[in-house]
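Pasting in a structure now, in structure tokens, and then I'll have a few things to ask.
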Amino acid sequence: MSNPRDILGPQRFSQSHAAPKLIPPNASVTKRYFIRVVTGVTSLLTGMRVTIGKFFDPRTTVTQQYPENRDELKMAERFRGRVVMPHDADGEHNCTGCTLCEKACPNGSISVLNTKHASGRKILGKYIYRLDSCTLCNLCIEACPFGAIEMGTEFELATTRKEGLVEILNKKAGRL
Amino acid sequence: MEREQHIEVRPPSAGGNTEEYWLNMGPQHPATHGVLHLIVRLDGETVREVKPELGYIHRSVEKMAENLTLLQNIHLTDRLDYLSCHMNNHAVCMVAEQACDIGVPERAEYIRVIVSELQRIQSHLLWWGAFAMDIGALSAFLYGFAEREKITDIFERLCGARLTMNYFRPGGVAQDLYDGFEQDARQACSDILYALDEYQRLVTGNLIFQERTRGVGILSRDKAIGYGCSGGTARASGLDYDVRRDDPYGIYDRFSFDVPVATAGDCYARYEVRMEEMRQSVQIIEQALKDLPVGPIQAKAKPVLKIPKGLQVFRQVETARGSFAMTAIGDGTATPLRVSYRSPGFMHVAALHEMSAGFKIADLITILGSLDPVIPDIDR
Amino acid sequence: MSEPAVPSALEPASATETVAAPTSAIADWIRDLCGDQEWLAWVVITLIGLGALAALASVSAMVLVWMERKVSAHMQLRLGPMRTGWHGALQPMADGLKLLFKEGLLPRTTDLFSYLLAPFIPMATALLALAVIPFSETWQLADPELGIIYVAALSGMSVFAILIGSWGSNNKYSLLGGMRAAAQALSYEISLLLVLMTAVLMSGETAMQAIVQSQEGYFWNWWLIRAPGVGFIAFIAFIISATAELNRAPFDFAESESELTGGFHTEYAGMAFAMFFLAEYVHLLVAACLGAVLFLGGYLPPVPALAFIPGPVWLLVKAFGLVFLFMWFRWTFPRLRIDQLLNLEWKFLMPVALLNLLAAGALRGWGWL
Ligand code: SF4
Ligand code: SF4
């Protein structure tokens, strides 16, 4: 870390923030003592004014009454809850089984198991998603060229059942 | 019983029939900010020796990184210093960009700076609250969090996550700004400035706080250099070094900002430096928001990023804690041969003994708090 | 200069008069019932009084716990408990039940006798101190002639609980907390006593009831205001040393959560912890009542016209005001360091209290009070 600007310079702060220097340098011991007592007590009172202000001002409350406000809680549009595969009205999805998402996933949370269509072409059979090892990193969604998967906005992901953590996202096998 | 070998029977300290003893602080202790384990040798209340012991949250991130592509590595760095994950991501992205020669569009560069600085403020706010709580001002903790929440909400709307953002990509950022981001960021900045004044009244000026921090935990400039300290900790000891200014990355050289430096090297100096850094970050954000260009947010990158064989890339960034650096060596495949991270917190904790020996046990907590440790960053 | 009036309290109190029997309608009624069996009346009245005290202590501890939670929450931008009853009013009950059903842990290395003994002491001293607080002219369980000395003695007792408990826990954190508490209590006891003596000197009384009576009239007769300057300084010194005696932030070294995890009660769980916890709040109430009695006219209304509101209400209003002040301190200030705490006592508070005592003596001597 050799740097030409490495010098023991004076303190550089914008003045508004620098600590007030109320005690004159040549003050006698007694004077210092009294100045300290007075400024000290004032500083304590200023602090108390801040907390009492918060105490009496209901607008400052920031916490939410969580389970009660479930209905109003709207997560942000981009919120990364869990990987979901949207299905249209006919129950169809867009996944072609290209396995790009599987390759993109750093944790091996996705397994794309393909089957053969009657016509002999490869289609998606099972799309296995493991929430327990997913870090919600969004890489699979970015990798998918068909927009077949996206992030759900569900945020209450805690569960007491281990089985629910591994699921099959597609409701039926893929189309051609 | 391994531990007992450390215990040396010392002659009683001067002036009393006393005996020194060892105290295990942590890994479960309210003031160690996670699972740091401090083995402290005490003489009454006075600290004689501090031995930090790590390893409670070791996850082999560097080894894991060897099996993942650079793109996949980004989300692992979220989990090092989780309060500076944008900056950590930036380091990985810059390594990838340098290794594979990817340019970054203007707009993406600006976005990177804005979110990094927002996160610096966010991290410092959390540190402020935790530091004040270490000293015993319990309400301040919640005040810090309340202010931090505003920035966290912005991040949530921007990239969908509140803590592990994974937002930067080699060659840009993952998503464009959402509508109303600029207004939110401006609002957050003005709120922060207002809040900082309030913090000044509540904590900074407080007599007890000043008594507890001034002259406590002094780290001299030489020792700071010797231990490899960086960031606010080093700047509080008079080391005028900031990666953003002295080894500019991204577009940091376009902004004018001060690097606060103090010479006292005590807890109060570290406190003041960090408080001032928040104000400087607000300045940078305001400048960046003013010049924010329109355009693409991601360069056309190759689908697979390979570090050429034998190439070693080193990039460092200034996180909220200090200089975070990533070194990657390529072997021509998609995954790097070796990755190594330099995390700032490790050096700071190493210097803990230097700072706290001779002070009281309560000061040890103050000193640890003033270093702003994030344990997953220290212990990768 | 004329001979200064000798305050009555300075005359030696005769031993037989030390405990005045409580007088109230209920007591008279019970005495009537018992006829000439005076010992029976004494036993019944004492038992009823003790029961009432225990009830008051537990109810007020609950109220204070709730208040602490709410005050801290609103100062910290939170709402605090909201679900148990109206604004969480039943939360202390829930807390208590939870602690009751928790396992009382006995760590293997404890010194069992002292470990189990300690939790009882603070509650006992708090209840004993509450016994001499006058809630009105007649509502007072006992009014010993040396009431103030008695309270001071009890407040000195409560540090034993911390010491014994921390020693018995056989834990380094506990021991550190206990040693800190001992150093703190030893030092602040001095200024507390000096302040109490100032009050005694101002009023010329040592019995609680008499001290309240000496502030009869309008609120400017309260010792806080009546003794020019002296009363105010004594009040401030009282607040500081009471905060220290109560082990509350910014002087909560015995616990100092962020340093010593839990301080002296690190090893305690379940009901044993609850005893420490509740006793802390009863002590808080006692200290607040003491402050109200000494400086704020006790159960007397601020203007005589408001006398239709009963005395206990006035006392509790004043006491809870002081309790709020204590809580306000706790949720605003950082904690001092142990050596700074002792410096504050020996270099600032004790000299001030001592000078104040001299000033009070001078005022009294010149007959200005
Ligand atoms: S979000 Fe990330 S971890 Fe989860 S399945 Fe997708 S790529 Fe894998
Ligand atoms: S989800 Fe997308 S990326 Fe994954 S297999 Fe289906 S089409 Fe391919």
Item to complete: Measure B/L158 against the heavy atoms of chain A and call it side chain, backbone, both or neither at under 4.5 Å.
Response: both
Discussion item. What part of B/L76 gets within 4.5 angstrom of chain A, counting heavy atoms only: side chain, backbone, both, or neither?
Written reply: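 No part of B/L76 comes within 4.5 Å of chain A.
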Worksheet item: Could you walk me through whether B/D240 and B/R221 pass the salt bridge (Lys or Arg N to Asp or Glu O under 4.0 Å) check?
Response: CA-CA 10 Å; B/D240 191 0; B/R221 181 168 172 278; over 6 Å; no
Worksheet item: What residue pairs, at least two apart or across chains, pass ring pair (Phe, Tyr, Trp, His ring centres under 6.0 Å) with a residue in residues 143-163 of chain B?
Response: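 Pairs touching residues 143-163 of chain B that pass the test: B/H86-B/F155, B/F141-B/F145.
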Item to complete: Taking atom types as modelled, find out whether A/E92 and A/H87 have a side-chain donor-acceptor pair closer than 3.5 angstrom.
Response: no
Worksheet item: Below 4.0 angstrom, N of the basic side chain to O of the carboxylate: do A/D132 and A/K162 qualify?
Response: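 No salt bridge links A/D132 with A/K162.
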Worksheet item: Is any NZ, NE, NH1 or NH2 atom of the basic residue among B/R244 and B/E318 found under 4.0 Å from an Asp or Glu carboxylate oxygen of the other?
Response: no
Practice prompt. May I ask you to decide whether B/D258 forms a salt bridge with B/R279, counting only side-chain N to carboxylate O separations under 4.0 Å?
Written response: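 No, B/D258 and B/R279 are not salt-bridged.
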Fill in: Side chain / backbone / both / neither for B/M64 at chain A, heavy atoms under 4.5 Å
neither
Practice prompt. Fit a plane to each ring of B/Y178 and B/F181, take the angle between them on a 0 to 90° scale, and name the class: parallel (under 30°), tilted (30 to 60°) or perpendicular (over 60°).
Written response: perpendicular
Worksheet item: Does a donor on one side chain and an acceptor on the other come within less than 3.5 Å for B/T204 and B/Y271?
Response: yes
Worksheet item: Pick from A/G47, A/S43, A/P106: which one has the most heavy-atom pairs with chain B under 4.5 Å?
Response: A/P106
Worksheet item: Have A/S133 and A/N107 got a donor and an acceptor in their side chains that come within less than 3.5 Å?
Response: no
Practice prompt. Sort by residue number and list every member of residues 70-86 of chain A having a non-hydrogen atom under 4.5 Å from chain B.
Written response: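 Those residues of residues 70-86 of chain A which have a heavy atom under 4.5 Å from chain B are A/M75, A/A76, A/R78, A/F79, A/R80.
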Worksheet item: Side chain, backbone, both or neither: which part of B/E149 has an atom under 4.5 Å from a heavy atom of chain A?
Response: neither
Fill in: Part of A/A104 within contact of chain B (heavy atom distance under 4.5 Å)
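When you check distances to chain B, only backbone atoms of A/A104 fall under 4.5 Å.
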Worksheet entry | Interface residue of largest heavy-atom contact number with chain B, from A/N138, A/T153, A/T135, A/T46, under 4.5 Å |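 Among A/N138, A/T153, A/T135, A/T46, the one with the most close pairs to chain B is A/T135.
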